[in-house]
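Down below is the structure, laid out as C-alpha cells.
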Amino acid sequence: MTNEWDAVIIGGGIAGLSAAQMLGRSRRRTLVIDAGEPRNRFAAHMHGVLGHDGKDPAELLEVGRAEARGYGVEFAAGSVAELVDEGPRIRVVRADGAVDTARAVIITTGVRDDLPDVPGLAEEWGRTVLHCPYCHGWEVADTRLAVLATSPMSLHQADLVRQLSDDVTVFTAAAEPLDEEAAVRLAARGVRIERAPVAQVRRAESGLVVTTNGGAEYGVDAIFTGGAPELDLAFAASFELARTEAPGDPLAVDMLGRTSHPRIFAAGNVTAPFANVPVAMGAGSMAGAGVNAALVAQDADAAVAARAAERNAAWEERYAAEDRFWTGRVNATVADVVRALPPGTALDVGAGEGGDAVWLAGNGWRVQGVDVSATAVRRASVFAQERGVDVDFRVGDGAASVDGTFDLVLTTFLHSWEPDFPRIRLLREAASRVAPGGHLLAVSHAAPPPWVSEMPAHAPVMRAPDEELALLGLDPQVWHPALVETRAREVTAPDGTAAHLDDGVLLLRRLE
Ligand SMILES: Cc1cc2nc3c(=O)[nH]c(=O)nc-3n(C[C@H](O)[C@H](O)[C@H](O)COP(=O)(O)OP(=O)(O)OC[C@H]3O[C@@H](n4cnc5c(N)ncnc54)[C@H](O)[C@@H]3O)c2cc1C
C-alpha cells in the first residue's frame with residue numbers, strides 16, 4: 001500500500017524535526033522517516049544551544065518529536081533506500097520495501113564523521129575525543145588538551161583550543177609540511193608541536209595517553225579532531241542534485257532549502273557539515289517553511305486552473321445553448337482602427353463565432369483565432385468557409401495557448417460576469433504575443449449601457465482605456481500608446497430608442 005503525503009522528511013534529527021514542526025503547524029500531511037542515528041548521539045550533553053545548555057541531545061529530539069506529533073506529524077522508523085521522480089510526486093522507498101509518495105521531500109540525513117584511522121580514537125568519540133571547541137571546550141578548559149590535525153585547516157582548530165587552555169599539544173602529521181607562519185603563531189602562544197604521526201590513543205587512569213609512531217607518549221585530558229564529513233545520498237542518486245565544493249560535497253541549497261530539484265529540499269549537516277544544532281534547527285525550520293510556501297503556490301495555481309476550466313466550461317455551455325450567438329458582423333470600432341494598419345499576421349483572442357477574424361481575413365490578414373468554446377470555434381470555422389476565407393480557429397485559453405508572435409493581436413469585448421475574470425492577465429498575455437513593430441488592439445466596454453440605471457453586483461468590470469493601460473504596467477520603452485480613447489457607437493436600446501455605447505479603444509504599438 002502506498003501512502004500519500006504532502007511532505008516526507010528523510011532524517012529525524014534536529015533539522016528534520018524543525019522542518020516537521022513548521023509543516024505540521026501548516027497543516028501539511030507530513031511523515032518523518034528516521035534511521036535513528038543522529039550525529040551527536042555519542043555525546044551525553046550538548047552545549048552552545050541557547051535555552052538547552054547541557055541537555056542530553058536525545059532528550060531534545062524526544063521533545064521535538066512530541067511537539068511535531070502534536071501538530072499531526074507522523075513518524076516511521078526506517079531507512080530510505082531510493083527516491084524516484086514521478087513528476088508531480090516523489091516516490092520514497094524504504095529499505096524494508098515500504099513505499100510512500102510525497103509532493104515534496106526534505107533531505108535531513110546529516111553526515112557521518114569519518115575519523116582519522118587511529119586505534120582507540122573512535123571508542124572515545126563524543127567523550128574525550130571532541131570535534132568542536134564551542135560545543136565541548138568549556139567543559140575541558142584549563143586541562144591538558146591536544147589537537148589531532150586532519151588537514152592544514154586543523155591549525156585553526158588549534159588556535160581555538162589554545163583559547164581554552166595553556167597546555168595544548170598539536171599533532172601535525174596530517175598538516176605537514178606545516179605552514180611556517182602558522183607554526184610560528186602556535187609556538188608564540190606556547191602550543192607544543194609534535195610532527196610524528198599518532199600511532200594510538202588509549203584510556204589511562206586519568207585521561208588519555210597519545211602514543212606517536214616514534215614511541216613518544218603524551219598524557220592529555222581531551223583531544224580535539226575533525227572527522228571528515230561523509231554524506232550517504234545514494235538513495236537520491238538518480239536526481240543528480242547539485243553539490244557545493246565544501247568538505248564532504250554537501251547539497252547546494254538556497255535560503256529556503258531548495259536543492260536543484262524543485263520538489264527536493266534539504267537542511268542541516270547534509271547541506272552544511274559544519275552546522276551545529278542551532279544552525280541545523282534554523283535551516284530545518286526554513287526548509288519546512290520553504291516546502292509549505294512551494295505547496296501553497298502549487299495549490300493556488302491548481303485552484304486558478306480549476307477556476308479557468310470552470311469558466312471555460314460555462315462559456316461553452318452558453319454557446320451550445322443557442323444556435324448562433326453573435327451577428328457575425330465585425331465590430332465597427334475594430335474595423336475602423338484596423339483599416340489604418342498594414343495587413344500582416346493577426347491573432348484574435350476570444351474570437352467567438354469568428355466575426356472579427358473572418359473580416360480581418362477578408363481584408364488581407366493571415367488570421368488565427370482562439371476561443372475557449374469548442375462550439376464557437378466550430379461555428380467560426382464554418383463561417384470562414386462560407387465567406388471563402390482561410391482562418392485557423394482553435395480551442396484555447398487566451399494568447400498563452402498559442403505559439404509565436406503576430407503583427408496584430410486583437411481582443412474584442414473580453415469581459416465576463418465572473419468577478420474573478422483575469423482580464424488584465426489575459427491582456428498582458430496578448431501583449432506578449434505581439435511581434436516587434438506590431439500592435440495590440442483591445443476594444444472593450446468602457447462604461448455600462450446608458451439604459452442600465454444600476455449595474456448588478458458582479459457586473460463585468462468596465463474601465464476607461466487609460467485606466468487599463470496603467471494597470472497593464474507595460475514597459476513605456478517598449479510600448480507606444482497609439483490610441484487610448486473612448487468612442488461612442490450608435491445602437492438601438494432595448495426599448496427601441498437610439499442610444500450609444502462607449503467602446504474603449506487601446507491601440508499599443510510594440511517598438512522593439
Ligand atoms: C560528538 C558530537 C557532539 C556534538 N555536540 C554538539 C553540541 O554540543 N552542540 C551543537 O550545537 N552541536 C553539536 N554537534 C553537532 C550536531 O550533531 C549537528 O549539528 C546536528 O546533529 C545536525 O543535525 P541534522 O539534523 O543535520 O543531522 P543529524 O542530527 O545527524 O540527523 C540525521 C538523521 O537522519 C537519519 N538518516 C540518515 N540517513 C537516513 C536515511 N537514508 N533514511 C532515514 N533516515 C536517515 C540519521 O539516522 C539521523 O537520525 C555534535 C556533533 C558530534 C559529532
Side-chain angles (χ1 to χ4, degrees), residues 8-21 31-62 64-65 75-83 92-96 98 100 105-115 121-140 222-237 248 250-251 253 257 265-288:
V8 166
I9 298 171
I10 307 171
I14 215 73
L17 292 178
S18 303
Q21 198 186 55
L31 173 70
V32 179
I33 302 173
D34 186 28
E37 296 196 332
R39 184 182 178 191
N40 54 359
R41 65 188 180 281
F42 304 96
H45 305 282
M46 103 197 138
H47 300 280
V49 186
L50 196 66
H52 300 286
D53 194 42
K55 191 174 269 178
D56 179 348
E59 192 188 329
L60 182 60
L61 295 181
E62 190 49 52
R65 278 191 291 271
F75 286 83
S79 185
V80 170
E82 191 185 11
L83 297 182
V92 182
V93 185
R94 286 182 236 166
D96 65 4
D100 297 274
V105 160
I106 307 184
I107 299 176
T108 46
T109 46
V111 297
R112 203 165 35 78
D113 292 285
D114 189 14
L115 296 179
L121 209 61
E123 291 82 342
E124 287 298 313
W125 183 238
R127 287 186 279 274
T128 52
V129 175
L130 308 168
H131 82 302
C132 158
Y134 296 106
C135 301
H136 304 290
W138 174 275
E139 288 63 38
V140 292
I223 303 174
F224 286 85
T225 192
E230 291 282 325
L231 276 74
D232 184 2
L233 291 173
F235 63 86
L251 292 174
V253 288
F265 289 62
N269 280 167
V270 82
T271 68
F274 61 83
N276 64 357
V277 166
V279 173
M281 196 182 273
S285 171
M286 287 302 275

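Predicted model, so just to flag it, every value in this text is computed and none were measured. Every number for a ligand or one of its atoms is a count from 1 in the order of the listing.
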### Query
Which ligand 1 atoms are under 4.0 Å away from a heavy-atom of Thr108?
32 (C), 33 (C), 34 (O)

#### Entry: Salt bridge present between Arg112 and Asp232 (N-O < 4.0 angstrom)
no

### Query
Near Asp34, which atoms of ligand 1 are under 4.0 Å from a heavy atom of that residue?
33 (C), 34 (O), 35 (C), 44 (N), 46 (C), 47 (O), 48 (C), 49 (O)

### Task
Could you tell me which atoms of ligand 1, counted from 1 in the order shown, lie closer than 4.0 angstrom to a heavy atom of Gly110?
27 (O), 32 (C)

### Query
Is a donor on one side and an acceptor on the other found under 3.5 Å between the side chain of His45 and the backbone of Gly54?
yes

#### Entry: salt bridge (charged side-chain N to carboxylate O under 4.0 Å, His left out) involving Glu62 - partner list, sequence neighbours excluded
Arg65

### Task
Look at the rings of His136 and His131 and say which category their plane angle falls in: under 30° parallel, 30 to 60° tilted, over 60° perpendicular.
tilted

### Message
Val277 versus ligand 1: do any nitrogen or oxygen atoms come within less than 3.5 Å of each other?
### Response
yes

### Message
For the 3.5 Å polar cut-off, considering only N or O atoms, please tell me whether Gly126 and ligand 1 meet it.
### Response
no

## Note on the structure
The salt bridge (charged side-chain N to carboxylate O under 4.0 Å, His left out) partners of Glu37 (sequence neighbours excluded) come to Arg41

### Task
With heavy atoms only and a cut-off of under 4.0 Å, state how Ala275 meets ligand 1: side chain, backbone, both or neither.
backbone

### Message
For the NE2 atom on His52, are there more than 12 heavy atoms of other groups (residues, nucleotides or ligands in this structure) within a distance under 6.0 Å?
### Response
yes

### Task
Heavy-atom contacts with Val49 under 4.0 Å: which atoms of ligand 1 show up? List them by number with element.
11 (O)

### Task
Would you mind checking which non-hydrogen protein atom is closest to atom 23 (O) of ligand 1, with the distance to 0.1 Å?
Ile14 CG2, 3.5 Å

### Message
Please check: side-chain N/O of Ser285 versus main-chain N/O of Met281, any donor-acceptor pairing under 3.5 Å?
### Response
no

### Query
Judging by distance only, is a nitrogen or oxygen of His47 under 3.5 angstrom from one on ligand 1?
yes

### Per-atom contacts, ligand 1 versus Gly268 - under 4.0 Å to a heavy atom
26 (O)

### Message
Tell me whether His136 reaches ligand 1 (any heavy atom closer than 4.0 angstrom to a ligand atom).
### Response
yes

### Query
Between the side chain of Asn276 and the main-chain N/O of Val279, is any donor-acceptor distance below 3.5 Å?
yes

### Message
Is Ser79 close enough to touch ligand 1? Criterion: a residue heavy atom under 4.0 Å from a ligand atom.
### Response
yes

### Message
As an exercise, identify every atom of ligand 1 less than 4.0 angstrom from a heavy atom of Asp113.
### Response
53 (C)

### Message
Looking at ligand 1, is there an atom of it that comes within less than 4.0 Å of some heavy atom belonging to Pro278?
### Response
yes

### Task
Could you list which atoms of ligand 1 come closer than 4.0 Å to a heavy atom of Ile33?
43 (C), 44 (N)

### Message
Tell me whether Asp34 contacts the main-chain N or O of Gly12 through its side chain, where contact means a donor paired with an acceptor under 3.5 Å.
### Response
yes

### Heteroatom proximity flag, Gly16 to ligand 1, N/O under 3.5 Å
no

### Task
Assess Pro57 for proximity to ligand 1: is some non-hydrogen atom of it under 4.0 Å away?
no

#### Entry: Heteroatom proximity flag, Ala35 to ligand 1, N/O under 3.5 Å
yes

### Task
Would you check whether Tyr134 reaches within less than 4.0 Å of ligand 1, judged by its heavy atoms?
no

#### Entry: Heavy-atom proximity to atom 14 (N) of ligand 1, best of His131, His45, Met46
His131

### Shortest protein heavy-atom distance from atom 18 (C) of ligand 1, along with the residue and atom involved
Asn269 OD1, 3.4 Å

